[in-house]
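All chains are named by letter (A, B, ...) in the order of the sequence lines, taking the proteins before the strands, and each is independently numbered beginning at 1. Atoms considered below: every heavy atom in the structure, side chains included; atoms not considered: hydrogens, waters and symmetry mates.
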Number of protein chains: 2
Amino acid sequence: MASQNRELKEAGLKVTAPRLKILSMLSDASEQGDHLSAEDLYQRLRDTGEDIGLATVYRVLTQFETAELIIRHNFEAGYSVFEMAPDHHHDHMVDVDTNEVIEFIDEEIERRQHLIAEQHGYEIIDHTMVLRVRKKDGA
Amino acid sequence: MASQNRELKEAGLKVTAPRLKILSMLSDASEQGDHLSAEDLYQRLRDTGEDIGLATVYRVLTQFETAELIIRHNFEAGYSVFEMAPDHHHDHMVDVDTNEVIEFIDEEIERRQHLIAEQHGYEIIDHTMVLRVRKKDGA
DNA sequence: TTGGTTGCAAACAATTTGCATAAAT
DNA sequence: ATTTATGCAAATTGTTTGCAACCAA
């Protein structure tokens, strides 16, 4: 995955082992639809035998977020979770019973969001929309 | 506002001065569209001459949240902000530079959200939408 | 070489908790 | 009288930072 080298360089970050490991682990998790906290990441790295400090995990995550390589979510109070920045924006529907996550995108909603922001004199930097849902009848 | 006494009792909470003050202050702020952090609330209470401990503010906020009297938001990492549980649902726009929160509602978006959930065989239990925005030049 | 990077420990900020006192029912 | 609440300080939790050693460019 030499492409990751370029991503780091383009972000003005030196290509180091810790950064590559973190990027790769986060990438794998994201493909599984997992959102990892700094601590999650730190533990998984340790389990894989990597000797990366927790402070480094935090620093690197912040740098990746700034470089827009990853996205930070504050779903729960108290800590953040991260996922790779998706190529294409999408919103989430979460089944409250199974925790299954369904991704979707609706152009009309996107359009109106921008319209609303504009009406208030703002431009949208980014946005989040989470629908907490339950299956109709048969659960 | 004797109605607040009942709200507290129905939540199984004793009617105490700190709780009434917090409820009232949060209610006023919410009417102004302000979302307060625990620290904000604590400071405002002190400014009003109230002698309520920060720990009490935190404890009471958690209890109110559990009782669904108020809503907790995690717009920014690191701390929560609260508002009275709104009678009518609305979404939020957060100014990324000032952390100011603007409330809004768009019926068309609401309609489409339900439509989308339905198309997937779900019904919406609850949802959140946060637009992170920045003022268009002339700020 | 040179400046960015890392690990560790100490520092921080937000929030929680133990406990003795005080107030509500 | 009994139960729950409060204030304070100490403790926790998640995250950040100072610094000396270290490594990529």
Side-chain angles (χ1 to χ4, degrees), chain A residues 2 4-23 25-26 35-46 48-67 69-82, chain B residues 2 4-26 35-46 48-67 69-82 99:
Chain A
Q4 305 194 313
N5 281 37
R6 180 166 32 182
E7 290 186 297
L8 291 178
K9 283 182 179 166
E10 284 175 0
L13 300 171
K14 286 186 175 171
V15 178
T16 66
R19 287 193 178 128
L20 288 172
K21 292 282 161 42
I22 290 171
L23 197 53
M25 178 132 289
L26 208 42
H35 295 68
L36 305 184
S37 66
E39 191 72 32
D40 289 337
L41 205 34
Y42 175 64
Q43 288 304 337
R44 292 198 186 190
L45 287 166
R46 295 197 76 224
T48 318
E50 300 300 332
D51 188 22
I52 300 179
L54 182 54
T56 298
V57 173
Y58 275 106
R59 268 185 300 234
V60 169
L61 285 173
T62 302
Q63 292 161 341
F64 286 1
E65 183 195 12
T66 301
L69 261 45
I70 67 177
I71 301 271
R72 176 196 298 262
H73 292 287
N74 302 125
F75 293 140
E76 302 291 320
Y79 65 96
S80 300
V81 292
F82 304 82
Chain B
Q4 305 193 312
N5 281 36
R6 180 165 33 180
E7 290 186 296
L8 292 178
K9 284 182 178 166
E10 285 174 0
L13 300 171
K14 285 184 177 175
V15 178
T16 66
R19 288 192 178 131
L20 287 171
K21 292 282 159 42
I22 289 172
L23 197 53
S24 137
M25 178 132 290
L26 208 43
H35 296 66
L36 305 183
S37 66
E39 191 71 33
D40 289 337
L41 204 35
Y42 174 64
Q43 289 304 337
R44 292 198 186 189
L45 287 165
R46 296 200 77 220
T48 318
E50 299 300 332
D51 188 22
I52 299 180
L54 182 54
T56 297
V57 172
Y58 275 106
R59 269 185 299 234
V60 169
L61 284 174
T62 301
Q63 293 160 341
F64 285 1
E65 184 195 11
T66 301
L69 261 47
I70 67 177
I71 301 270
R72 174 195 300 262
H73 292 288
N74 303 124
F75 295 136
E76 300 294 317
Y79 66 95
S80 300
V81 293
F82 303 82
N99 284 345

Could you state the atom-to-atom distance from [atom1] of [X] to [atom2] of [N] in whole Å?
X      : N       : atom1 : atom2 : value
L8(B)  : dT4(D)  : CG    : C1'   : 13 Å
N5(B)  : dA23(C) : CG    : P     : 18 Å
Q63(B) : dT6(D)  : CD    : C1'   : 11 Å
L36(B) : dA14(C) : CG    : P     : 15 Å
K21(B) : dT6(D)  : NZ    : C1'   : 14 Å
I52(A) : dT5(C)  : CD1   : C1'   : 12 Å
Y42(B) : dT6(D)  : OH    : P     : 15 Å

Taking only the side-chain heavy atoms of R19(B) (C-beta and beyond), determine which of dG7(C), dT6(C), dA5(D) contains the nearest atom.
->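 So the side chain of R19(B) is nearest to dA5(D).
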Any protein N or O atoms within reach of nucleotides 12-19 of chain D? Criterion: under 3.5 Å, listing atom names and distances.
residue: dG14(D); atom: O3'; partner: G78(A); partner atom: O; Å: 2.9
residue: dT15(D); atom: OP1; partner: S80(A); partner atom: N; Å: 3.0
residue: dT15(D); atom: OP2; partner: Y58(A); partner atom: OH; Å: 2.5
residue: dT15(D); atom: O5'; partner: Y58(A); partner atom: OH; Å: 3.4
residue: dG18(D); atom: O6; partner: R59(A); partner atom: NH1; Å: 3.3

Going from [atom1] on [X] to [atom2] on [Y], what distance comes out if it is rounded to the nearest 0.5 angstrom?
X      : Y      : atom1 : atom2 : result
S80(A) : E76(B) : OG    : CD    : 10.0 Å
K21(B) : T16(B) : NZ    : OG1   : 9.5 Å
F82(B) : D40(B) : CZ    : CG    : 10.5 Å
L45(A) : L54(A) : CG    : CG    : 10.5 Å

Kindly give the atom pairs (protein nitrogen or oxygen, nucleotide nitrogen or oxygen) under 3.5 Å for nucleotides 21-25 of chain D.
residue: dA24(D); atom: N3; partner: K14(A); partner atom: NZ; Å: 3.4

Should Q4(B) and R19(B) be marked as a side chain to side chain donor-acceptor pair (under 3.5 Å) after you check the CA-CA gap, both sets of side-chain angles, and the distance that decides it?
-> CA-CA 10 Å; Q4(B) 305 193 312; R19(B) 288 192 178 131; over 6 Å; no
Backbone N or O of E65(A) within a donor-acceptor pair of the R72(A) side chain at under 3.5 Å?
->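 No, because the side chain of R72(A) does not come within donor-acceptor range (under 3.5 Å) of the backbone of E65(A).
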Output yes when a side-chain donor or acceptor of T56(B) lies under 3.5 Å from a complementary backbone atom of I52(B), and no otherwise.
->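 Judged by distance alone, no pair lies under 3.5 Å.
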Give the C-alpha distance, both sets of side-chain angles, the deciding distance and a yes or no for side chain to side chain contact (heavy atoms under 4.5 Å, CB included) between H35(B) and F75(B).
-> CA-CA 10 Å; H35(B) 296 66; F75(B) 295 136; 4.1 Å; yes
For L61(A) against I70(A), the heavy-atom pair lying closest together =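 Scanning both residues, the minimum pair turns out to be O-CD1, 3.4 Å.
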